[in-house]
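Encoded as C-alpha cells, the structure appears first; notes follow it.
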Amino acid sequence: MPLAPLYAQHLAALREHADRALAPGGYDHLLIAAGTPPGKFLDDQDYPFVANPHFRHWLPLTDAPGSWVVHTPGAKPKLVFLQPRDYWHVVPAAPEGYWVEHFDIAIVRSAAEALAQLPGGRRAVIAPACPPIEGIEAVNPQAVVDALHWQRSIKSPYELALMREANRRGARAHRAAELAFRAGESEFGIHLAYLAAAGQIDEELPYASIVALNEHGAVLHYTHFDRTPPAESRSFLIDAGASCAGYASDITRTYAAAGHAEFQALIDSVDAAQRGFAGKVRAGQSYAALHLHAHHVLAGVLREHGLIRLSAESAVEAGVTSAFLPHGLGHPIGLQVHDVAGFQQSERGGTIPKPQGHPYLRMTRTLEPGMVVTIEPGLYFIDMLLDELRGRPVAADIDWARVERLRPYGGIRIEDNVVCTGAEPENLTRGAFAALD
Ligand code: GLY
Ligand code: MN
Ligand code: MN
C-alpha cells in the first residue's frame with residue numbers, strides 16, 4: 001500500500017490521541033518543538049541535530065531544527081517551519097511530499113518569528129529542555145507526556161511500513177558487512193562497507209554501530225573501530241541499524257570464520273533459541289516472563305555445549321546465566337532505538353517493576369498488537385563477570401577449559417525487530433534478510 005493513505009490514517013489517529021492527552025489538563029493546544037542542536041562548550045560548533053521524537057511522530061521531517069508542530073483540537077494541524085536566511089549552512093528544503101497537504105504551513109526565518117506563530121492560551125509544550133527555548137512556559141507536563149508515550153507504544157500501519165524499510169536498509173548493510181568480514185577487513189573497513197550499503201552516514205544511523213572482531217564481541221557497547229585487521233579474524237559481532245524517516249531498526253548478527261566449528265555450533269544454538277523467543281511475541285505475553293524464559297532456554301544451550309554441568313533451573317537460580325547474558329532480552333523500538341514506555345503501567349504513567357536480579361531489562365509490559373520489540377539474546381565471555389563467577393562455589397560446575405577455548409571469540413548476540421500482531425508475529429528483520437536472498 002502506498003504511504004499517502006497510510007499516513008492520512010496515522011495522522012487522524014494521532015490527532016485523536018492528542019485530544020485525549022490534552023483533555024484531562026484542560027489544555028487548548030499541543031505545541032511540539034523539533035528542538036535545536038546543543039552547542040559544544042566554548043565552541044562555535046554544534047552536536048549533531050536529532051529532532052524531538054514527538055515531532056517526528058507527526059511528520060517524516062528529520063532535518064527541521066527550530067520548527068514546531070501545533071495541534072489544536074478540531075483544527076487542521078499547523079507546521080511552523082524554520083527556514084533561516086543563512087549562507088553558511090544548507091537551509092532545510094521547503095516541505096514537500098505526501099504529508100504536506102495535511103498541514104497549514106507557515107514558513108518563518110527566525111526563532112522569534114516561530115514563537116510569534118504559536119497560538120496563545122493554555123498550551124502543553126513538548127520540547128527538549130536543552131538548550132532552553134526562550135519565551136515558553138514550563139514544558140513537558142508529566143501527565144501529557146505519559147499519555148503520549150503510552151500511545152507511541154502501538155505502531156500504526158504507516159509506522160510499520162517505515163520500520164520495514166529501516167530493516168531493509170539495515171539488512172542490506174549487514175550483508176555488505178559480513179562480506180567485508182569474510183574478506184579480512186578491519187573493523188573500520190567493515191564499518192565503511194556498512195555505511196556505503198546503508199547509504200547513511202554515522203549521524204543518520206539510529207545509534208552508534210558496534211563492529212567487533214574476536215574478543216571485542218565481549219564488550220557489550222564496543223564502539224571503537226580498530227583501523228588494522230587482527231592477525232586472524234575468528235568471529236564477528238555486528239550490532240547496527242538504519243533509519244527511515246526517523247524510525248529505527250536495531251539488528252545484530254554474529255558470524256564465525258570458516259573452520260571455527262565449535263563457535264559456529266554455539267551461534268547456531270543461540271540462533272535457534274532466538275527464533276523461538278521471536279515466535280512468542282504474541283498478544284498477552286508478558287515481556288518480563290519472556291526474558292526469564294530466555295534465561296532458562298540459554299541455560300540449556302550452555303549445558304548442551306558442555307559449558308555448565310548444572311540443570312537449567314539451578315543455573316538460572318544461582319545467577320550463572322546472568323554472567324553469560326548480562327543484559328535484557330530486548331526493548332521497545334520505534335522513533336527511538338530504545339523506545340519509550342517499556343515499563344509504563346497505564347496511560348496515566350506508573351511503573352511495572354523489573355523481576356528481581358534483572359536490572360538491565362528494558363521492557364516489562366504485556367505485549368499488545370502493534371507493539372514492536374527487539375528480541376536479542378546473547379552469550380558472552382566477559383572477563384570481569386567470569387572472574388566473579390570463578391570465585392563462587394558454583395564455579396565447580398563450570399567447564400573452565402571450554403570457557404577458555406571460547407573466550408577468544410568474544411560473544412554472540414542475535415537481534416531482530418518483531419511486531420506483535422493479532423496472530424503470528426511479523427519479524428521485520430528476518431523478513432528483510434529473506435528478501436535479499
Ligand atoms: N544497539 C543497542 C541495543 O541493541 O539495544
Ligand atoms: Mn537492541
Ligand atoms: Mn542492537
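Atoms within a ligand are numbered from 1 in the order they appear, just like the ligands themselves.
Regarding atom 5 (O) of ligand 1, its nearest protein heavy-atom neighbour is His338 NE2, 2.7 Å. Summary of contacts: the protein heavy atom closest to atom 3 (C) of ligand 1 is Asp250 OD2, 3.3 Å.
Ion pair Asp399/Arg402 flagged as a salt bridge, since at least one NZ, NE, NH1 or NH2 atom sits closer than 4.0 Å to an Asp/Glu carboxylate oxygen. Between Arg182 and Glu178 there is a salt bridge, with a side-chain nitrogen of the basic residue lying less than 4.0 Å from a carboxylate oxygen of the acidic one. In this structure, Asp239 does not pair ionically with Arg253, as no charged nitrogen and carboxylate oxygen lie closer than 4.0 Å.
Aromatic pair Tyr287/His331: centroids not less than 6.0 angstrom apart.
For Arg227 and Phe188, the positive end sits near the middle of the six-membered ring, less than 6.0 Å away and at most 45° from its axis.
At least one N/O/S atom of His331, from backbone or side chain, sits under 2.8 Å from the Mn ion (ligand 2).
Close N/O approach between His331 and ligand 1 is found [any backbone or side-chain N/O within under 3.5 Å].
Within Glu376, the N/O/S atom positioned nearest the Mn ion (ligand 2) carries the name OE2.
Under a 4.0 angstrom heavy-atom cut-off, Val337 registers as lying outside contact with ligand 1.
Between the side chains of Gln336 and Arg152, at least one donor N or O lies within less than 3.5 Å of an accepting N or O.
Within ligand 1, counting atoms from 1 as listed, the ones closer than 4.0 Å to a heavy atom of Glu415 are 4 (O).
To the nearest 10 degrees, the Mn ion (ligand 3) sees OE1 of Glu415 and OD1 of Asp250 at an angle of 90°.
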